[in-house]
Amino acid sequence: MTEETSTAPSRRTRTTRAALAALSGVIAAFAALAAAELLSAAVRPESSPVTAVGGAVIDRTPVEVKDWAIRAFGEDDKVVLLGGILVLLTLFAAAVGLVARRNRRAGVAGVLVFGVIGAAAALSRPGSGWPDALPSAAGAPVGAGVLWLLVGRLTGAGPGTEVSRDRAALDRRGFVLAAGASVAVSAGAGFAGRRLSASGAADAEASRAAVRLPRPSSPARPIPAQARPRVEGLSPFTTPDRDFYRVDTALVVPRVDAGSWRLTVHGKGVRRPLELDFAQLLRRDMIERDITLTCVSNEVGGPYVSSARWLGVPLGPLLEEAGVRPPSRGGPADQLVSRSVDGMALGTPVDTVMDGRDAILAVGMNGEPLPFRHGFPVRMVVPGLYGYVSACKWLQELELTTFDAFDPYWVRRGWAREAPIKTQSRIDTPRPFARLRAGTVRVGGVAWAQHRGIRRVEIRVDDGPWQDARLAAEAGLDTWRQWVWDWPATEGSHTLHVRATDAAGAVQTSRRQGTVPDGATGLHSVVVSVDRPPPTTSRGL
Ligand SMILES: Nc1nc2c(c(=O)[nH]1)N[C@H]1C(S)=C(S)[C@@H](COP(=O)(O)O)O[C@H]1N2
Ligand SMILES: [Mo]
């Protein structure tokens, strides 16, 4: 009894050791991730464990949670997700370190479990193959080795031996050296991994820089000046690339080398399957069109709608060339499945793609090759359909099939098979809860009903009558239309509502519906408060 108390470490040493054990766990996790990062540069960036787990979480997020995340964090949702995973990982790693102090084998097993989770996540991603499991599979033993080594220094156990009670002295020097060395090596490996991934991306960047976009045989109509009124706070007719909304499941933006890109067209009823490389695609006839994209996840009044000038190959004629007939002309396939390099699959009705609208395989956006985040080198754009059923980015495969035979990515997650864009309007200015001065207030916004067109936009103040806004000139059926209304604002708190009517005469419904399963409905409103007008200049007195 006396003997034991005398050799047992003091309370303070025990706390120090616990802290160092937790730290060992974290250092081991860092080593595992660094090794995995290095290997993922050789496989593909998406196979690195944190990215793979993040992607798997995105794949499994129920639509309601995804909707909430988009509302709460907007386009930062990915940063929040990755940050959350890293925090959890650090906590678990510290716990594994604490376990390892009591039982090194259990600690090592804990690290290996993480490797299995990372590998399983990587393999579960759409479009993944067995190499995607390698980074996690190789990282875990590295982390396990580091943990074994570090905890050995803490418990006084020599390499490979179990904790010996009498040698329970803390090997401070050994620990600091081992910890320092593994942090340094990990940082080097992680950094090298990043550099390698970046050099892979460099080829893609060079290929993008080398693209010379051909002139369209059918240019876009010039946008009439009256189609873009200059009003402070109003969304510009053409959305600058940096403001163009982005919605996708990619935690790392795919950087495809246009030089090795191929597109295949195959499937049911394809009499002449096609394979095209990027140069062949660029040699085809090009059209240029202004088209407004909209995401089905856009709330009433939300930001996921943007407009650009697209350059690309008309998709309908390309499919004709492959011998495809739409179902309305007796063809066997009613669904066109588009697949991307990152395993995404979207499904579009063949009849819609081939009904003569400007469905395109886009290579240019606002006069430039597509930005990487918007799908370089090639994406689909189909006017009138929400992005998730039409706008496949980083496109590499078109398969003709049926809606019965295949459910694409979003449909499997509760979204509708077919999703034409619903008529919507939005007040851009004044902003919600703005404080205004009584007098004339310029109200402005956008309205869209792609491929049907907008005929009318009306504003209502409080419970007053609906009043016509002035519509900007129509640039085309496939784009949004800006509108302006001069409001004689009076003192007090007011609610402004907006509604649009499409060219067929259908008035935007006021019935509120969420984004799931086929797009939100309801009217956008903005509450503002109007102050007393500024005093007229007082003279005399
Ligand atoms: N490969 C791929 N393409 C994709 C998606 C995706 O997640 N992956 N998201 C789709 C959705 S939901 C929309 S709304 C549009 C958005 O296009 P943008 O990000 O260029 O605005 O891309 C579509 N194409
Ligand atoms: Mo979307």
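Bear in mind that the values here come from a model prediction, so they are computed numbers and not experimental data. This chain uses plain numbering: 1 for the first residue, then up along the sequence.
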- Query: For A69 and D77, which heavy atoms make the closest approach, and how far apart are they?
  - Reply: O-CB, 4.2 Å

- Query: So how far is it from C295 SG to Y245 OH, rounded to the nearest 0.5 Å?
  - Reply: 5.0 Å

- Does R255 make a cation-pi contact with F372, if we ask for NZ or CZ under 6.0 Å from the ring centre and within 45° of the axis? yes

- Closest approach of T238 to A308 (non-hydrogen atoms, all atoms of both residues): CG2-CA, 4.3 Å

- pair R60-S124: side-chain heavy atoms closer than 4.5 Å: yes

- Item | Nearest-0.5 Å distance that lies between atom CG in L398 and atom CG in L319 | 7.0 Å

- Query: Any side-chain donor paired with an acceptor under 3.5 Å for S338 and E397?
  - Reply: no

- If you round to the nearest 0.5 Å, how far is CZ of R104 from CG of L149? 8.5 Å

- Task: Considering only NZ, NE, NH1 and NH2 on the basic side and carboxylate oxygens on the acidic side, decide whether D132 and R125 come within less than 4.0 Å.
- Result: no

- What heavy-atom pair brings L147 and A100 nearest, and what distance separates the two atoms? CD2-CB, 3.8 Å

Distance-only check: which donor-acceptor pairs under 3.5 Å involve side-chain atoms of residues 373-384, not counting sequence neighbours?
| unit_1 | atom_1 | unit_2 | atom_2 | d |
| --- | --- | --- | --- | --- |
| R379 | NH1 | H374 | O | 3.3 |
| R379 | NH2 | A391 | O | 3.0 |

- Can you name the one residue among V252, L251, V341 that meets side chain to side chain contact (heavy atoms under 4.5 Å, CB included) with E46? V252

- Is it the case that Y386 and D518 place a side-chain donor and acceptor less than 3.5 Å from each other? no

- Can R412 and D407 be counted as an ion pair, charged N to O under 4.0 angstrom? no

- Query: A181: what forms a side chain to side chain contact (heavy atoms under 4.5 Å, CB included) with it, not counting sequence neighbours?
  - Reply: none

- Message: Filter on ring pair (Phe, Tyr, Trp, His ring centres under 6.0 Å), then keep only pairs touching residues 10-69, sequence neighbours left out; what's left?
- Response: W68-F73

- Query: Would R339 count as a cation-pi partner of F406, with NZ or CZ less than 6.0 Å from the six-membered ring centre and within 45° of the ring normal?
  - Reply: yes

- Indicate whether any N or O donor in one side chain lies under 3.5 Å from an N or O acceptor in the other, for S48 and S40. no

- Query: Which atom pair, heavy atoms only, marks the closest approach of T90 to V26?
  - Reply: O-CG2, 3.9 Å

- Message: Can you give me the closest heavy-atom contact between D358 and I291, atom names plus distance?
- Response: O-CD1, 3.9 Å

- Those residues that, when tested against W310, pass ring pair (Phe, Tyr, Trp, His ring centres under 6.0 Å) (two or more places apart): F244

- Check Y304 against N298 and note the closest heavy-atom contact, atom names and distance. N-OD1, 2.7 Å

- Task: Just jot down the side chain to side chain contact (heavy atoms under 4.5 Å, CB included) partners of D428, sequence neighbours excluded, or say none.
- Result: L234, S235, R426, V446

- Item | Enclosure of R272 CZ (heavy-atom neighbours >12, cutoff 6.0 Å) | yes

- Task: May I ask you to decide whether R246 forms a salt bridge with D248, counting only side-chain N to carboxylate O separations under 4.0 Å?
- Result: yes

- Message: For the residue pair S340 / D342, report whether a side-chain donor-acceptor contact shorter than 3.5 Å exists.
- Response: yes

- Inter- and intrachain pairs under salt bridge (Lys or Arg N to Asp or Glu O under 4.0 Å), touching residues 185-194, at least two apart: E37-R194

